[in-house]
Amino acid sequence: MTRARAAAAGALGVASALAVGELAAGLLAGMPSPVDAVGQLVVDGAPGAVVTGLISTLGAANRPLLALGTVAVALLLGAVVAVVGHDRPWLTSGVFAAAAVLGAAASVAQPGADVLLVVVVMALAALVGHTVLRRGLPTPAASLRSSGQAIPAGAGPTGSTVGSPATAPPLARRGFLRLAIGTGAAVLLVGAAGRWWLGGGRIDPASIALPTPARGLPPPGPDLATSVAGVSPAMTPIDDFFRIDTALGVPRVDPETWRLRIHGRVDREVELTYDELLALPLREVDVTIACVSNEVGGDLIGTARWLGVPLAEVLALAGVRDDAEQLLGRSADGWTAGFPVALALDGREALVAVGMQGETLPAVHGFPARLVVPGLFGYVSATKWLTELELAAWDGVDGYWIPRGWAKEAPVKTSSRIDVPRPGARVPVGDVVVAGVAWAPTRGIAQVEVAVDGGAWAVAEMVPVGSEDTWVQWRVDVPLGPGRHRLTVRATDGDGAVQSEGPRRPAPDGAEGWHAIDVEVV
Ligand SMILES: Nc1nc2c(c(=O)[nH]1)N[C@H]1C(S)=C(S)[C@@H](COP(=O)(O)O)O[C@H]1N2
Ligand SMILES: [Mo]
C-alpha cells in the first residue's frame, strides 16, 4: 500500500511539474513546450531506419502519440523514483533537478527559446513537482507504522533538501486522497489550458495583410469537384492541406525578428527582414507539392496558389557563384533540405513563399516564409520556417533526411490517383463515373487512362489547367456489369513517359505503381 502510495505521489509530482511547464509554454512567448522539446530530442536522435516511418509521416496521429509517450515515460520515472527514494529526499530532489536540466536543455534548443525564461520555468516546475511528491509521500514513519513496528513519537524524517518540505507532518490516507484528487484535477486543468494555448499560436499570421502581387494569376479555372462529388478539389482547401514535418510543436517565428540569410558560395552575403522580403515583387504560382512518403493512392499531396518572391530573384540579390552546386534551405527549427542549385535557376517557378490560397502562410505550413520548388519532393526542397539559403558544394553537405536513408535527388514521379468511386464502394450497374487527379509537376500531364479488370485502356477527359506544375483532374465513364471489378489508372506526362507500373515502396525516392481499386457493382 505504501509503495503504491509512493508511486502515486511520484507520478503526481511529475504531472504537476509537467503541467507548470506546459502552462508556461502556452502563455509565454520564448517558452517552448518542455514535453514537445524532449519528444523532439527523441525524434532527432532516433536512428533513421527505425523511425523513418513514424517521423516521415509525423502526422495527425503520431504527433500527440509522441507527446503522450513522453508524458507516460516521465510519469513512470516519477513513480519509480518516489518508491526508491521515498526515504531519501536527496535522491528525489536530485532526479527532479536532473530532469529539469534535461527539459531546459531540450527547450533551449527549440526555435525562439528564451534561455533565462526556460531556466526559471524549469526550476519552478521542478520545485512544484518535487514539493507535491514529498508532500504526497508516506513518510518513513508512516511506512514503519504500517509494517507494524513501533517507533518513538516525533521521530519524523529530517535533513530535507532544497524545496523539499519533507519535514512536514505525514499526511493521513484521507489527506493524501484529497491531495491526489485536488492536485490531479489542477494538473489536468492547467496542463490542458497550456496545450490549448500552445495549439493556438501566439502570432496570428492571418492578422498580417500581404501586399498584392506584382504578377497575379487569373482566378482558378473550372473545378471537377463541383460536378463530381468526392474528387479532390483543383485547389486544396488550406484546412485540408497535408502537414508533414519533424517538428513536434509548431515552430512559432516572430516576423519582427525573423531574418532570411543568403550565404555560402555567393558574391555577397545578404540578410532580408520580413518587410524587405515583402517589398520585393511578389508573384503567384499554382503548384502541387507532394511528400516522398506518399503511398500509391495516398493523400500526402496538395495543390495551392502560392504567393512569394521568385527564388531566382532572391538568390540574385546575393549573386550565386559558379562553384555553388547545392542550395540548402535551413529552418528556424534546424531542419535542412538541399537540391541542385541549377534547378532553382532553370526557369521553373520556385518561390520563397509567404502566402498560400490567398492567406498569409499559416504557422503549420511555414510562417513567415518557406520554399516551394515545383517538381521536387518536399523533403529535399520545401523548407518551412525558412531562415537560411546556403549555397554549398554538392558533396559533404546533406539535408536532414539524406543520412536517414532517403535519396539525395528526388524529383516527383508521374503519378495518378482514383478518388471516385471509393475503394470497396457498391455502385449501380451501368456507366460508372471514375474520376481523380494526376500529376507530374514541371512536365505536366498529357493523358490519363483507366482500365477495367486489366482490359483495354480508356482515355479520360482532363480538366484544363493553367500550369504544368499542378495536378489535373480527370474523369471517364466506364460501363460496368454486375460483380466485383478492378479499376486501374495510369498517367502519361508531358515528356511522353508513361507512369511506372511499379510497384515500389516510398523509400528511398518515392513510391511507384498504378493505383487500383476494387468496386462492387450491383
Ligand atoms: N522546417 C521543416 N520544413 C519541412 C519539413 C520539416 O520537417 N521541417 N518537412 C518537409 C516535407 S518532408 C514535406 S513533404 C513538406 C510538407 O509541407 P506541408 O506540411 O506544408 O504540406 O514540408 C517540408 N518542409
Ligand atoms: Mo515529405
Side-chain angles (χ1 to χ4, degrees), residues 36 39-40 43-44 46 48 51-60 62-63 66 110-112 205 235-253 258 260 287-295 298-308 327-339 350-357 359-390 399-402 404-408 410-413 439 441 471 506-511:
D36 286 344
Q40 194 73 58
V43 169
D44 292 343
V51 281
T52 277
L54 176 71
I55 39 186
S56 66
T57 53
L58 250 191
N62 291 334
R63 222 174 287 273
L66 251 154
Q110 291 291 300
M235 287 287 165
T236 312
I238 221 160
D239 293 332
D240 298 343
F241 210 94
F242 75 103
R243 173 192 174 187
I244 294 289
D245 53 65
T246 58
L248 275 190
V250 181
R252 278 160 305 174
V253 181
W258 177 84
L260 176 58
V287 180
T288 295
I289 66 167
C291 182
V292 69
S293 299
N294 198 30
E295 305 271 356
D299 56 9
L300 299 179
I301 178 166
T303 300
R305 174 158 292 184
W306 306 95
L307 173 72
L327 178 55
L328 272 173
R330 187 169 285 115
S331 70
D333 62 335
W335 189 86
T336 49
F339 57 94
L351 285 188
V352 176
V354 293
M356 177 183 185
Q357 308 295 43
E359 293 178 26
T360 304
L361 203 60
V364 287
H365 295 296
F367 178 81
R370 74 173 304 167
L371 286 181
V372 173
V373 185
L376 296 183
F377 280 124
Y379 81 102
V380 292
S381 66
T383 309
K384 306 192 276 188
W385 313 291
L386 182 70
T387 55
E388 283 177 47
L389 292 171
E390 181 185 344
Y400 180 91
W401 281 110
I402 313 311
R404 291 169 172 81
W406 294 81
K408 187 145 176 175
V412 177
K413 296 174 181 180
W439 61 94
W471 60 22
D509 64 357

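All residue numbers in this chain count up from 1 along the given sequence. All ligand and atom numbering here is 1-based and tracks the order in the structure. Just so you know, these numbers use all the heavy atoms, side chains as well, and skip hydrogens, waters and symmetry mates.
- For the residue pair Phe377 and Ala290, the shortest heavy atom distance occurs at CD2-O, 3.5 Å.
- The distance criterion of under 3.5 Å between nitrogen or oxygen atoms is not met by Arg243 with respect to ligand 1.
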Could you go step by step and tell me if Thr387 and Leu260 meet the side-chain contact (heavy atoms from CB on, under 4.5 Å) rule? CA-CA 5 Å; Thr387 55; Leu260 176 58; 5.7 Å; no
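- Using a 4.0 Å cut-off between heavy atoms, Phe377 makes no contact with ligand 1 at all.
- With Gln40 contributing its side chain and Thr246 its backbone, the two residues share a donor-acceptor pair below 3.5 Å.
- Considering backbone and side-chain atoms together, Lys384 places an N or O closer than 3.5 Å to an N or O of ligand 1.
- Atoms of ligand 1 found under 4.0 Å from any heavy atom of Asp333 (numbered from 1 in listed order, with element): 1 (N).
- The shortest N or O to N or O distance between Phe242 and ligand 1 is below 3.5 Å.
- Of the N or O atoms in Ala382, one or more lie within a sub-3.5 Å distance of an N or O in ligand 1.
- Nearest approach of Gly405 to Pro508, heavy atoms of both residues: O-CB, 3.7 Å.
- Atoms CH2 and CD, from Trp306 and Gln357 in turn, are 7.5 Å apart once rounded to the nearest 0.5 Å.
- Not one N or O of Asp245 is nearer than 3.5 Å to an N or O of ligand 1, by distance alone.
- Atoms of ligand 1 lying under 4.0 Å from any heavy atom of Phe241, numbered from 1 in the order shown and given with element: 21 (O).
- Residues passing the ring-ring contact (aromatic ring centres under 6.0 Å, His included) test with Trp439, sequence neighbours excluded: none.
- Residue contacts with ligand 1, taken as heavy atom pairs separated by less than 4.0 Å, involve Cys291 via backbone and side-chain atoms alike.
- The Ser331 neighbourhood of ligand 1 comprises atoms 1 (N), with distances under 4.0 Å to a heavy atom of that residue.
- Here Lys413 pairs with Asp509 in a salt bridge; the nearest charged N to carboxylate O distance falls below 4.0 Å.
- In terms of polar-atom proximity, defined here as any N/O pair under 3.5 Å, Thr246 does make such a contact with ligand 1.
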Report the C-alpha distance between Trp471 and Thr288 in whole Å, list the side-chain angles of each, state the deciding distance to 0.1 Å, and finish with yes or no for side chain to side chain donor-acceptor pair (under 3.5 Å). CA-CA 6 Å; Trp471 60 22; Thr288 295; 4.8 Å; no
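- When Tyr379, Trp385, Tyr400, Trp406 are checked for heavy-atom proximity to atom 12 (S) of ligand 1, Tyr379 turns out nearest.
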